[in-house]
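To start, the structure itself, in structure tokens.
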Amino acid sequence: MLDTIRKSVTGPFVKILIGILILSFAVWGIQDIFGNFKKTVAIEIDDYEVSLDQLVTEYNNQLSIISSQLDKQISLKESLELGIDEIAIENLIRKMVLQIEINKLGIDISEEFVAEQIINDDNFKTDGKFNKARYEQLLSYAGYNDETYVQSEINVNKQNQLFNIIGNRTYIPNVLIEMVDEFNKTERVIEYIDLPKSKIVVKTPSERELLEFYAKFKNGYKKSETRDFAALILDPENIKKGIQVTRSQINEYFNANLDSFNIPETRELYQFFFNDDETADNFYNDSYQLEFNELLTKYSQSKQQSYLGSVGKDEILDFEVADAAYNMIEGGFGAPIDGMLGISVLYLEKINPGKIPTVDDVAAEIEDEIQTQEAIDLVEMLYFEIEDDLLNGSSIEEASAKHQIETKYFKKIDINGKNIQNDVVDEINHQELIQKIFSSEIGDFIEVHDTESGYIWTDLNLINPPYIKSFAEVRDLVTADMLKKRKNDKESEIIKQLEIGLINNQIQELIDSYQIEIKRSEPFSRLSPIREFSEDFNDRILSANIDEVIIGKSENNVLVGKVVEILPNVQAEPERDQKFINNLDLQMRNDLFEQYLVSLEDNYTVKLYQENIDRLFNTQSQ
């Protein structure tokens with residue numbers, strides 16, 4: 001903990017963690033002094049190493065970003081086809097090089113400097129004061145603790161220093177301002193067809209067709225290498241049921257923690273966001289005249305996406321929204337609010353009154369809590385006893401029996417920690433543990449694995465080689481894959497017909513067949529895109545030439561659009577407001593920094609442990 005922060009903790013505060021920096025720092029692990037034949041190393045740059053765990057973390061980050069951009073969950077196989085694994089590797093190399101360069105330049109930021117930043121940031125304050133409890137709660141939501149967040153801020157400040165050094169001064173010529181202004185303000189009008197995928201129907205395959213499909217693509221139904229092992233899992237949950245709790249202990253705990261058992265009032269809320277005050281005001285005024293669902297339909301609002309849940313007042317981070325929500329009547333709308341996240345209107349569906357329970361109401365909960373606390377203390381004592389037993393030659397089964405802990409046996413577990421049914425096994429869902437098991441041979445000593453709350457000892461019993469699953473095992477999957485392929489093929493065929501039809505103005509037959517219509521847009525530009533279209537489709541259609549056809553896809557729809565008009569910007573002078581200039585300046589500095597990073601990579605020797613990387617991704621994809 002930082003003394004500077006601790007001394008300033010005197011009242012309530014809040015901070016919303018917002019913002020995406022150009023690059024973020026990775027936390028580089030210490031090399032394993034025992035070597036382990038470098039089976040857990042993914043990348044080596046000079047004397048620095050990146051572990052497979054770090055590669056998995058970066059891969060998952062990129063997977064999440066790209067899944068969000070595509071508005072769909074991407075499977076592992078699809079991610080590898082898209083090259084997300086390669087993107088993760090490139091990012092890690094760049095982050096490592098950046099870290100090394102910062103160290104060479106001697107760029108440093110003190111903890112005290114960052115602490116002062118945190119304390120003095122208005123976003124951290126409520127009533128001008130700093131509140132530690134709220135701070136730690138928000139950090140917890142974001143996956144940080146005090147130490148890791150402060151270290152993250154130190155890294156960010158170091159990077160910003162380097163960024164400012166590289167992109168210190170930029171000059172923006174007038175011709176560039178004019179070109180960007182023209183680029184942003186040129187409007188287009190399109191004709192487009194929005195085809196719901198639900199209208200694309202294909203024939204269900206016969207048994208013969210399924211067998212033929214399986215025979216053709218059976219290598220795609222290969223089960224990767226799996227392993228059988230025994231495990232002694234020492235965890236509070238596994239041992240607490242044997243701990244006896246008396247009624248007097250329950251009463252004593254209840255009396256000492258009365259406030260924690262009070263159930264506060266909660267309210268079931270909806271928050272509808274709007275782009276401007278006028279629309280929000282109209283929505284609010286119409287709420288007196290229209291039925292709820294009719295109102296949402298009129299303003300293209302989603303009930304499901306706007307539901308905040310049943311929330312207590314202190315759970316709402318925006319104090320203005322919280323005050324408004326707790327001054328509303330049940331079944332009513334609140335006046336528009338310009339809050340932290342934008343302009344919105346609240347709807348209060350239901351009030352759930354608070355409650356003060358009796359000791360009998362919470363006896364089971366208290367018993368569980370006492371058992372858990374005592375079990376946590378017992379875990380540490382048992383850890384040393386079990387370690388001694390194993391070092392003295394006891395097997396896992398013998399140590400389990402001695403301490404009355406059930407030995408768990410896991411069969412056919414793959415490198416993702418999944419069983420033969422392809423389900424994640426929660427008890428052993430620890431990537432580092434699975435890596436240890438798959439890096440071992442039968443008879444090897446496997447080091448104990450620390451979990452958040454306990455320990456796991458394992459003993460490898462059997463290595464099961466890869467095999468192709470039988471048709472009976474994967475029939476449902478084959479059916480799903482074949483239907484998906486047929487739908488994709490049909491979709492591609494329809495898209496091609498729509499594309500040709502729009503180009504040649506011969507599309508009436510398809511319109512009649514699928515009961516769709518050609519729509520014509522109002523003029524739109526990069527400054528005022530069509531909100532119903534994805535960002536990617538807006539960007540591509542606004543870059544298209546006259547009569548050019550652009551295809552867009554989402555999870556549920558196919559969008560085919562043709563540019564029918566291009567309307568150049570008619571304003572004589574480009575806008576030169578400071579915000580516009582600042583954005584251009586930032587883009588130019590970003591480009592300079594990007595070029596600097598690319599040039600740095602040529603100065604370092606990069607070694608990929610391709611066998612380890614292949615083992616990670618290729619095995620997972622099978």
Side-chain angles (χ1 to χ4, degrees), residues 14 16 18 71 187 189-199 264-355 511 514-535 537-538 552 554-557 559 561:
V14 64
I16 301 296
I18 300 175
D71 196 26
E187 295 182 319
V189 178
I190 67 170
E191 291 180 348
Y192 65 96
I193 293 170
D194 190 358
L195 174 64
K197 289 186 179 180
S198 58
K199 293 189 175 184
E265 175 187 313
T266 61
R267 299 195 166 200
E268 296 188 22
L269 292 167
Y270 294 83
Q271 187 174 21
F272 304 101
F273 286 95
F274 301 91
N275 292 329
D276 55 76
D277 291 323
E278 182 180 356
T279 308
D281 287 335
N282 292 338
F283 178 88
Y284 175 65
N285 293 331
D286 283 348
S287 70
Y288 290 99
Q289 311 295 330
L290 302 176
E291 292 292 331
F292 185 79
N293 291 331
E294 185 180 357
L295 178 68
L296 299 192
T297 300
K298 178 177 178 179
Y299 288 88
S300 301
Q301 292 285 348
S302 167
K303 182 177 180 180
Q304 183 179 3
Q305 294 178 4
S306 303
Y307 183 55
L308 297 182
S310 181
V311 292
K313 187 173 182 180
D314 60 349
E315 295 179 273
I316 304 174
L317 301 181
D318 189 329
F319 291 154
E320 187 175 358
V321 172
D323 289 339
Y326 273 75
N327 282 292
M328 294 170 60
I329 61 172
E330 189 171 280
F333 287 87
I337 304 168
D338 191 358
M340 297 172 69
L341 300 179
I343 303 166
S344 65
V345 173
L346 296 175
Y347 173 72
L348 174 56
E349 184 175 61
K350 184 180 178 182
I351 297 174
N352 300 310
K355 178 183 176 183
I511 290 175
Y514 290 98
Q515 298 180 342
I516 52 180
E517 60 178 332
I518 299 180
K519 299 178 183 178
R520 187 182 181 91
S521 75
E522 295 295 324
F524 65 104
S525 68
R526 286 178 173 82
L527 297 181
S528 56
I530 297 178
R531 193 173 66 174
E532 291 78 13
F533 297 166
S534 69
E535 182 179 345
F537 186 82
N538 269 302
S554 69
E555 185 177 352
N556 300 314
N557 295 74
L559 190 63

Handout entry: Pairing residues for Y326 by the ring pair (Phe, Tyr, Trp, His ring centres under 6.0 Å) criterion, not counting sequence neighbours
Key = none
Exercise for the section: Name all residues meeting the salt bridge (charged side-chain N to carboxylate O under 4.0 Å, His left out) criterion together with D286; count only those two or more places apart in sequence or in a different chain, and write none if there are none. Expected result: K298
Problem - Under the salt bridge (charged side-chain N to carboxylate O under 4.0 Å, His left out) test, residues paired with E532 that sit two or more places apart - result: none
Problem - For Y307, ring pair (Phe, Tyr, Trp, His ring centres under 6.0 Å) partners two or more places apart - result: Y270
Problem - Residues in salt bridge (charged side-chain N to carboxylate O under 4.0 Å, His left out) contact with R520, at least two apart in sequence or another chain - result: E191, E565
Handout entry: F533: partners by ring pair (Phe, Tyr, Trp, His ring centres under 6.0 Å), with sequence neighbours left out
Key = Y192, F537
Exercise for the section: For E187, check salt bridge (charged side-chain N to carboxylate O under 4.0 Å, His left out) against everything at least two apart and list the hits. Expected result: none
Practice task
Just jot down the ring pair (Phe, Tyr, Trp, His ring centres under 6.0 Å) partners of F524, sequence neighbours excluded, or say none.
Solution key: none
Can I get a per-line list of side-chain donor-acceptor pairs under 3.5 Å for residues 287-294, giving both atom names and the distance, sequence neighbours left out?
from : atom 1 : to   : atom 2 : distance (Å)
S287 : OG     : Y284 : O      : 2.4
Y288 : OH     : Y284 : OH     : 2.8

Practice task
Quick one: list whatever passes side chain to side chain donor-acceptor pair (under 3.5 Å) with K519, sequence neighbours left out.
Solution key: none
Practice task
Just jot down the side chain to side chain donor-acceptor pair (under 3.5 Å) partners of D323, sequence neighbours excluded, or say none.
Solution key: K313
Practice task
Could you pull out all residues at least two apart from Y514 that satisfy side chain to side chain donor-acceptor pair (under 3.5 Å)?
Solution key: none
